[in-house]
Amino acid sequence: MVAAVSATEFQSRRAAGALLLDVRNDWELAIAPVPEAKHIPMAEIPQRLGELDPQRETVVICRSGGRSLRVAQFLEQQGFKSVANLTGGVLAWSREVDPSIPEY
């Protein structure tokens, strides 16, 4: 079962070394980029799995939380040790952490 993490909770996890994995499409990233997130579009995750460290805590984000949950489940199935879904996605990030990021 994939853990859920709020945007504000991720801030402390980031300080401890967690990776924020942004699985949105390129056009979405152009509208509302999240600083310091690693961007791999959802469709490219299987081919680019080698770019991720299965031992590092990984929190997955998308626009509202649906795609990121599916990617987080996939990562768990691939043996990643610590994976979570950022609840509410970029929409929550904009409301809770960085209001300069537009909601779309």
Side-chain angles (χ1 to χ4, degrees):
M1 173 122 170
V2 173
V5 174
S6 72
T8 52
E9 183 181 350
F10 175 74
Q11 294 298 84
S12 62
R13 291 181 182 215
R14 175 182 273 174
L19 170 71
L20 184 62
L21 176 62
D22 190 335
V23 298
R24 295 175 296 150
N25 295 309
D26 292 336
W27 68 267
E28 294 174 284
L29 199 67
I31 294 170
V34 177
E36 301 177 33
K38 177 164 183 66
H39 177 239
I40 303 177
M42 181 179 180
E44 297 176 19
I45 293 290
Q47 303 91 299
R48 296 177 61 186
L49 209 52
E51 295 178 33
L52 302 171
D53 179 355
Q55 302 304 316
R56 184 177 181 189
E57 180 179 13
T58 303
V59 177
V60 189
I61 187 172
C62 66
R63 179 181 178 269
S64 58
R67 287 175 287 175
S68 55
L69 177 59
R70 290 192 298 276
V71 170
Q73 291 168 334
F74 174 77
L75 293 177
E76 279 191 341
Q77 292 168 355
Q78 301 308 305
F80 280 65
K81 302 296 180 208
S82 180
V83 180
N85 183 42
L86 197 134
T87 306
V90 170
L91 298 175
W93 188 276
S94 177
R95 287 188 298 268
E96 298 172 22
V97 175
D98 186 353
S100 71
I101 295 176
E103 294 186 30
Y104 64 98

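Values in this document were obtained by computation on a predicted structure and should not be read as measured data.
- Of the inter-residue distances, the one linking D26 atom CG with H39 atom NE2 reads 5.0 Å to the nearest 0.5 angstrom.
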| field | Criterion side-chain contact (heavy atoms from CB on, under 4.5 Å) on M1 and Q73, from CA distance to verdict | value | CA-CA 8 Å; M1 173 122 170; Q73 291 168 334; over 6 Å; no
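- R14 has no carboxylate O lying under 4.0 Å from a charged side-chain N of E57, or vice versa, which leaves the two without a salt bridge.
- For the atom pair CD1 of I31 and CG of N25, the computed distance is 10.5 Å after rounding to the nearest 0.5 Å.
- Taking CZ of R48 as the reference point, atom CD1 of I40 lies at 4.5 Å (rounded to 0.5 Å).
- Nearest heavy atom pair, residue A4 against residue E9, reads O-OE1, 4.4 Å.
- A distance of 6.5 Å separates CZ in R63 from OH in Y104, rounded to the nearest 0.5 Å.
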| request: Dump the intermediate steps for side-chain contact (heavy atoms from CB on, under 4.5 Å) on L75 and L52, then the final yes or no. | output: CA-CA 10 Å; L75 293 177; L52 302 171; 4.2 Å; yes
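- Here CG of N85 is found 6.5 Å from SG of C62. Values are rounded to the nearest 0.5 Å.
- A continuous path of hydrophobic side-chain contacts links F10 to V97 [ILVMFWY only; heavy atoms under 4.5 Å].
- Under the 4.5 Å side-chain heavy-atom criterion for Ile, Leu, Val, Met, Phe, Trp and Tyr, L20 and V23 are members of distinct hydrophobic clusters.
- With hydrophobic clusters built from ILVMFWY side chains whose heavy atoms lie under 4.5 angstrom apart, V83 does not share a cluster with V5.
- If you take OG1 on T8 and CZ on R95, they are separated by 12.0 Å, rounding to the nearest 0.5 Å.
- Residues V90 and V34 meet the side-chain proximity criterion, which asks for heavy atoms closer than 4.5 Å.
- With hydrogens and angles disregarded, a donor-acceptor distance shorter than 3.5 Å links the side chain of T58 to the backbone of R56.
- R24 contributes a side-chain N or O that, together with a main-chain N or O of A32, makes up a donor-acceptor pair within less than 3.5 Å.
- What you find for T87 and A92 is that their closest heavy atoms are O-CB, 3.4 Å.
- No side-chain heavy atom of Q78 sits under 4.5 Å from any side-chain heavy atom of P54.
- Taking 4.0 Å as the cut-off between side-chain N and carboxylate O, K81 and E76 do not count as a salt-bridged pair.
- Under the 4.5 Å side-chain heavy-atom criterion for Ile, Leu, Val, Met, Phe, Trp and Tyr, F80 and I45 are members of the same hydrophobic cluster.
- Contact check for L21 versus I61: no side-chain heavy atoms found under the 4.5 Å cut-off.
- Proximity of F74 to V2: side-chain heavy atoms (C-beta onward) are nowhere separated by under 4.5 Å.
- Across E103 and S94, no two heavy atoms sit closer than the pair CG-OG, 3.7 Å.
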